[in-house]
Amino acid sequence: MTSHTPQGPVDASLTPRYAGIATFAKLPRIEDVPSADIAVVGVPFDSGVSFRPGARFGPTHVREASRLLRPYNPAQDASPFALQQVVDAGDIVANPFNLTEAVDQVEAAATELGEKVDKIVTIGGDHTIALPLLRAINKKHGPVAVLHFDAHLDTWDTYFGAPTTHGTPFRRASEEGLIDMTASMHGGTRGPLYGKQDLADDVELGFQIVTSEFIEEHGVPAALERIRERVADKPLYISIDIDVLDPSHAPGTGTPEAGGLTSREMLRLLRGLADLNIVGADVVEVSPAYDHAQITAVAASHVVYELITAMAKRA
Ligand SMILES: N=C(N)NCCCC(=O)O
Ligand SMILES: [Zn+2]
Ligand SMILES: [Zn+2]
């Protein structure tokens, strides 16, 4: 916990929120405060995608939409930016022409940032970046429970023979022993797979699934019960692919699938997990070229806000 009184966002009643540079929620930059507890960092990188590109512009787009966030979160009864020093740590440089180097750059930068702050929420970028982020968090916490909200499993093996893509981060993470295989879970999964074997492999890799259909059929409370029972108080990394939301709630993404969660369901799920031991998180796959009226970016900014609130409260 930082010793100084946290410096909050620019006061929107004194400076119009649409004026000035868009840090996340108009929070101070990391270099503007003596120390910080929670950092939001961007990873503008999308060289790992299998379909529509453009998530490299995700961090900027989500920051733009986040200008409208306010400091008190009634749903969690907390003012996160007053409880902890939350900052924007800018963007991690990731080489767009060399995926292996990019992944190493993300791991190194996240490791270094993790030495300065207690917790990191990363805005992607495509889902490839979850792998280096998990490598970095393992240095601090060892294997973590991974709660992965996504339309997709992202435990596939290779694409065009390439092992590191946005469809494969959680298989690689499991193979490397980065995840707690007794406590990890996907949420919101749906849509066509390559074959039935995908699901069998996924179990072998340490995941259970709460599907999108389960959430519709049994509701958010039943989903929360299953997740909470599996994760318990293990160190928890939450990875949110924005395509877990239905395309009507998140059109701005690269591999959309029909039949997804509403943003209301997603926010309720996060609030219901807020007291868990969340050690890090990412929100990925926002691709602004396919967004309309900032629908996806608004949803993503609120998802980040709920994650930060949960982290600040628990601390
Ligand atoms: N991680 C995301 N968003 N998508 C993975 C989809 C992989 C595929 O095209 O099969
Ligand atoms: Zn996905
Ligand atoms: Zn994904």
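Along the sequence shown, the residues carry numbers beginning at 1. Counting starts at 1 for both ligands and their atoms, following the listed order. Computation of the quantities below employed the complete heavy-atom set of this structure, encompassing side-chain atoms and omitting hydrogens, waters and symmetry-equivalent molecules.
Considering only non-hydrogen protein atoms, atom 7 (C) of ligand 1 sits nearest to Tyr159 OH, 3.1 Å. For atom 3 (N) of ligand 1, the closest non-hydrogen atom on the protein side is Asp241 OD2, 2.7 Å. Among all protein heavy atoms, the one lying closest to atom 10 (O) of ligand 1 is Tyr194 OH, 2.5 Å. Scanning the protein for heavy atoms near atom 5 (C) of ligand 1, the closest one is Asp154 OD1, 3.3 Å. The nearest heavy-atom contact from the protein to atom 6 (C) of ligand 1 is His166 NE2, 3.8 Å. Considering only non-hydrogen protein atoms, atom 9 (O) of ligand 1 sits nearest to Ser50 OG, 2.6 Å.
Using cut-offs of 30° and 60° on the angle between ring planes, the pair Phe214 and His218 is tilted. Using the six-membered ring where Trp is involved, Tyr159 and Tyr194 have ring planes that are perpendicular, over 60° apart on the 30 and 60° scheme.
Excluding waters, the protein N/O/S atoms found under 2.8 Å from the Zn ion (ligand 3) are His127 ND1, Asp150 OD2, Asp154 OD2, Asp241 OD2.
In terms of N/O distances under 3.5 Å, ligand 1 is not approached by Trp156.
Tested against Val303, the residues Ile123, Leu269, Leu245, Ile240 include a single side-chain contact (heavy atoms from CB on, under 4.5 Å) partner, Ile240.
Between the side chain of Lys234 and the backbone N or O of Ala183 there is no donor-acceptor pair closer than 3.5 Å. Remark: the backbone N or O of Val203 is not paired with any side-chain donor or acceptor of Gln208 at under 3.5 angstrom. Looking only at distances, no side-chain donor or acceptor of Ser79 sits under 3.5 Å from a matching main-chain atom of Phe81.
Residues Ile242 and Ile129 do not share a hydrophobic cluster, defined by chaining ILVMFWY side chains whose heavy atoms lie under 4.5 Å apart. Both Val286 and Ile238 are members of a single hydrophobic cluster when ILVMFWY side chains are connected at heavy-atom separations under 4.5 Å. In terms of hydrophobic clustering, with Ile, Leu, Val, Met, Phe, Trp and Tyr side chains grouped at heavy-atom distances under 4.5 Å, Val106 and Ile179 are assigned to a common cluster.
Listed by number with element, the atoms of ligand 1 under 4.0 angstrom from any heavy atom of His127 are 1 (N). Counting atoms of ligand 1 from 1 in the listed order, those under 4.0 Å from a heavy atom of Thr255 are 2 (C), 3 (N), 4 (N). Against a heavy-atom cut-off of under 4.0 Å, Glu285 is close to the following atoms of ligand 1: 1 (N), 2 (C), 3 (N). Contact atoms of ligand 1 toward Asp243: 2 (C), 3 (N) (distance under 4.0 Å to a heavy atom of the residue).
By the criterion of a heavy-atom distance under 4.0 Å, neither the backbone nor the side chain of Thr165 is placed next to ligand 1.
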Throw together a table of side-chain donor-acceptor distances under 3.5 angstrom for residues 46-54, partners on residues two or more places apart or in other chains.
from  : atom 1 : to     : atom 2 : distance (Å)
Asp46 : OD1    : Arg56  : NE     : 2.7
Asp46 : OD1    : Arg56  : NH2    : 3.0
Asp46 : OD2    : Gly54  : N      : 2.7
Asp46 : OD2    : Ala55  : N      : 3.2
Asp46 : OD2    : Arg56  : N      : 3.2
Asp46 : OD2    : Arg56  : NE     : 3.4
Ser47 : OG     : Pro96  : O      : 2.8
Ser50 : OG     : His166 : NE2    : 2.8
Arg52 : NH1    : Thr253 : O      : 2.8

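Counting only N and O atoms by type, the side chains of Thr165 and His127 include no donor and acceptor under 3.5 Å apart. With 3.5 Å as the limit, one finds a donor-acceptor pair spanning the side chains of His61 and Asp291.
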